[in-house]
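Heads up, the thing below is written out as structure tokens.
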Amino acid sequence: LQQRRGLRLSSPAAIQVTVRDALNQALDEELERDERVFLLGEEVAQYDGAYKISRGLWKKYGDKRVIDTPISEMGFAGIAVGAAMVWLRPVCEFMTFNFSMQAIDQVINSAAKTCYMSAGSIAVPIVFRGPNGASAGVAAQHSQCFAAWYGHCPGLKVVSPWSAEDAKGLLKASIRDDNPVVVLESELLYGVPFEMSEQAQSKEFVIPIGKAKIERQGTHVTLVAHSRPVGHCLEAAAVLSKEGVECEVINLRTIRPMDIETVEASVVKTNHLVTVEGGWPQFGVGAEVCARIMEGPAFNYLDAPAVRVTGADVPMPYAKILEDNCIPQVKDIVFAVKKALNI
Amino acid sequence: SPEERPQFPGASAEFAERLEFIQPNVLAGIPVYRVMDRQGHVLRPSEDPQLPKEQVLKLYKTMTLLNTMDRILYESQRQGRISFYMTNYGEEGTHVGSAAALDASDLVFGQYREAGVLLYRGYPLELFMAQCYGNASDPGKGRQMPVHYGCPERHFVTISSPLATQIPQAVGAAYAIKRADASRAVVCYFGEGAASEGDAHAGFNFAATLECPIVFFCRNNGYAISTPTSEQYRGDGIAARGPGYGLLSIRVDGNDVFAVYNATREARRRAVAENQPFLIEAMTYRCAAGNSPRECGPGTPGSPQKTPIGHHSTSDDSSAYRSVDEVNYWDKQDHPISRLRHYMANRGWWGEEEEKGWRKSSRKMVLEAFEQAEREPKPPPHLLFSDVYLEMPPRLRRQRAELERHLETYGEHYPLQQFQK
């Protein structure tokens, strides 16, 4: 018995890590790895971050690497862009991406377009990160999804992690990327634990930007989502599986450049497409997926029009029952799949 | 009683027992520092920076060369050869006075009316013109509107159109530079109108809180397109805002190159030594072309002899909001070029001979560069796709290849001879 117990004491493989801790690890590792990386934003230093993403980092790295800024998004985004133009690699935190609208000129007109407008002579290796999209009971001005807005712009890369591994791998890749990258996190996911493989726990674990991941294999329908809705898709897939419908769930991971090839290959296999997103329908991520599928070889394999599941086309209301019904729920995804499959 | 001081974290000050509001222009305006009078005489010998003759000549030649280039490029826009232009008439003193006071490696963030800084640093006429024409020699690959120059080798950040966005960027750059190299400064130029933008407020505030080696240089020329300063602000200009942010501030006569030089030099020295920001407000005027109407020459051959009034840009006609009398006053009475010429003449460094000779040769240089720019082809079409990201993404590579194939088959239907291969 003693021997058997001894044999079981091997090194741990996967462990449970929350998205918050995964992001914190990513920041910690990249701050350690490259002295040019620094974090700035409101409350990131002494307060450990409004959502505690930067917990412990100011204590460890000090004033030069983790900077509390005055309340001016346009100010600190502009500072970060200027620092990136010269030598440093800033990680600029927006308390939520809703506030990034105050800085959006610096993000788009400066960060995104400068490489092109300067004919390649000025690089802007900057990361803009923060929570994006719906939260809980924070109403219209704190709940907007910016995936479509930033995904629209050439010159930017835009990632939208779901799991803890996504969060860590994509944030590390974004910080190491020499182009401006927007990292759209989700406040509702911060506290959610995910299994993190041994490989993902390593300091060199990086997920390539621009590559989607098939979270679940299936044969009847392709579900494409990013961020929190990926979890809802997996739940819907479990429900549908009991009814004999096997969904293939694709986690986009990157909004721009979008890995449409993975979606195409899946649609060729399943012949049905349902997109799921938290953002508003008009000009959204789902609209782009559908347009690109239409333009490519997978169109000929569709047996039915694609169906989009999106947030309701209203500013987010405050009352819980209203809010709950404004974001895609598992039942909405199940309904959409049945509509696509005509069952 | 002495123990009773306010204990608020937000401000350290004494108590006051009388209700009294602070007047906005409590000092009747911050005074304007100058070294020379309008006839080029140094008022206080101790303030004369006593620059060597070659440097003073370089200041003068840079200002006048810029003026000549401006006239020719302005005319070329009126004739439809380039799409847009902005002249620097009347503000040349702010450019060269400050540029001369900086180290060659100090990083410059401009707004759009600082071409003289780049010219002082040796940027060739050919490249100014190439950028305005958007032709194949343009280091900017024809990507931007005219006057949006940039030169990494001369530490001049590429001009970006939205106003005042360069201000917090300059602060961020100064922050980065402070960490990397303790001997460099950043200079950030902007107009008094751009200073109304939120970015300016944030930039000033952050420069102080982050303790950055930066000199903010405001060109107050009296107008933002048609908006006079009386409608732009009600306080005492831009200099008076500085102390509110914790910036050491000064107002100078922007048409006096030595005043500009002295202020910039000292501000730069202390900004680097003490890691704190400085604010210089250079008062000037957006002028007409020549430094007096009788000295204005013709523009490009064939164009009517006239004095272009200093409009905001070629998209503006300032006769709609400024009287000819007002403009003429500034042309005749107080122009940076003529004041420096008086100074040089007083020292026997420059006379009619030199003036005539220089006018001829500078005009020749500009016209030669101009003719070359006119002849050059545009950049090759495949440059459409590069530099969106540092590495070209597969989608754009495919589109570029598509265009190449398309041109191979249908090239004859396109004016490809205008473009470099």
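In the text below, chain A, chain B and the rest are named by the order of the sequence lines, each starting its count at 1. Below, each value reflects all heavy atoms present in this structure, side chains not excepted, and no hydrogens, waters or symmetry copies.
In this structure, B:F109 has its ring center at least 6.0 angstrom away from the ring center of B:Y189. Proximity of the aromatic rings of B:H201 and B:F206 is defined here by a centroid distance below 6.0 angstrom, and this criterion is not met. Remark: aromatic rings of A:F99 and A:H142 are close, center separation under 6.0 Å.
Contacts of A:R89 with chain B are absent, with no heavy-atom separation under 4.5 Å from either backbone or side chain. For B:N205, the part sitting under 4.5 Å from any heavy atom of chain A is the side chain, from C-beta outward, and nothing else. For chain A, the nearby part of B:L107 is the side chain; its heavy atoms alone come within less than 4.5 Å. Looking at A:D178, the atoms closer than 4.5 Å to chain B (heavy atoms on both sides) sit in the backbone and in the side chain alike. Residue B:P393 does not touch chain A at all, counting heavy-atom pairs closer than 4.5 Å. For a residue to count as touching a neighbouring chain, one of its non-hydrogen atoms must lie under 4.5 Å from one of that chain's; by this rule B:T165 touches chain A with backbone and side chain alike. Looking at B:L210, the atoms closer than 4.5 Å to chain A (heavy atoms on both sides) all sit in the side chain, from C-beta outward.
Of all the listed residues (A:D63, A:T69, A:L156), the one sharing the greatest number of non-hydrogen pairs under 4.5 Å with chain B is A:L156. Listed options A:G120, A:P180, A:C115 were ranked by heavy-atom pairs under 4.5 angstrom with chain B; first place goes to A:C115. In terms of heavy-atom pairs under 4.5 angstrom with chain A, the leader among B:A202, B:P168, B:C151 is B:P168. Across A:S110, A:P257, A:A77, the residue that shares the most heavy-atom pairs under 4.5 angstrom with chain B is A:S110. Heavy-atom pairs under 4.5 Å with chain B peak, among A:M85, A:Q102, A:M74, A:K157, at A:M74. Put simply, of A:G210, A:G155, A:P154, the one with the most heavy-atom pairs under 4.5 Å next to chain B is A:G155. No other option in B:R395, B:Q169, B:Q144, B:K141 has as many heavy-atom pairs under 4.5 Å with chain A as B:Q169. Of the listed residues (B:G203, B:G198, B:G150), the one with the most heavy-atom contacts under 4.5 Å to chain A is B:G198. In terms of non-hydrogen atom pairs under 4.5 Å with chain A, the most contact-rich of B:D387, B:L396, B:V186 is B:D387.
Checking A:S174 against A:D177 by side-chain atom types alone, no donor-acceptor pair falls below 3.5 Å. Side-chain contact check for B:R143 and B:S386: at least one donor-acceptor pair (N or O, by modelled atom type) lies under 3.5 Å. There is no side-chain donor-acceptor pair under 3.5 Å between B:H148 and B:S160. Counting only N and O atoms by type, the side chains of A:D28 and A:Y61 include a donor and acceptor under 3.5 Å apart.
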Practice prompt. Evaluate side chain to side chain donor-acceptor pair (under 3.5 Å) for B:S98 paired with B:T264, printing each intermediate quantity in order.
Written response: CA-CA 6 Å; B:S98 55; B:T264 309; 5.0 Å; no
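At most 12 non-hydrogen atoms from other residues, nucleotides or ligands lie less than 6.0 angstrom from CD of A:Q141.
A salt bridge between A:E261 and A:R292 is absent, with no side-chain N of the basic residue lying under 4.0 Å from a carboxylate O of the acidic one. Of the charged side-chain nitrogens involved, at least one lies within less than 4.0 Å of a carboxylate oxygen, so that A:R176 and A:E30 count as a salt-bridged pair. In this structure, A:R65 does not pair ionically with A:E35, as no charged nitrogen and carboxylate oxygen lie closer than 4.0 Å.
Partners of B:F385 under the ring-ring contact (aromatic ring centres under 6.0 Å, His included) rule, at least two apart in sequence or in another chain, do not exist in this structure.
Within residues 118-140 of chain B, the residues having any heavy atom less than 4.5 Å from a heavy atom of chain A are, in residue-number order, B:P139, B:G140.
Counting only heavy atoms from C-beta outward, the side chains of B:E274 and B:E211 never approach each other to under 4.5 Å.
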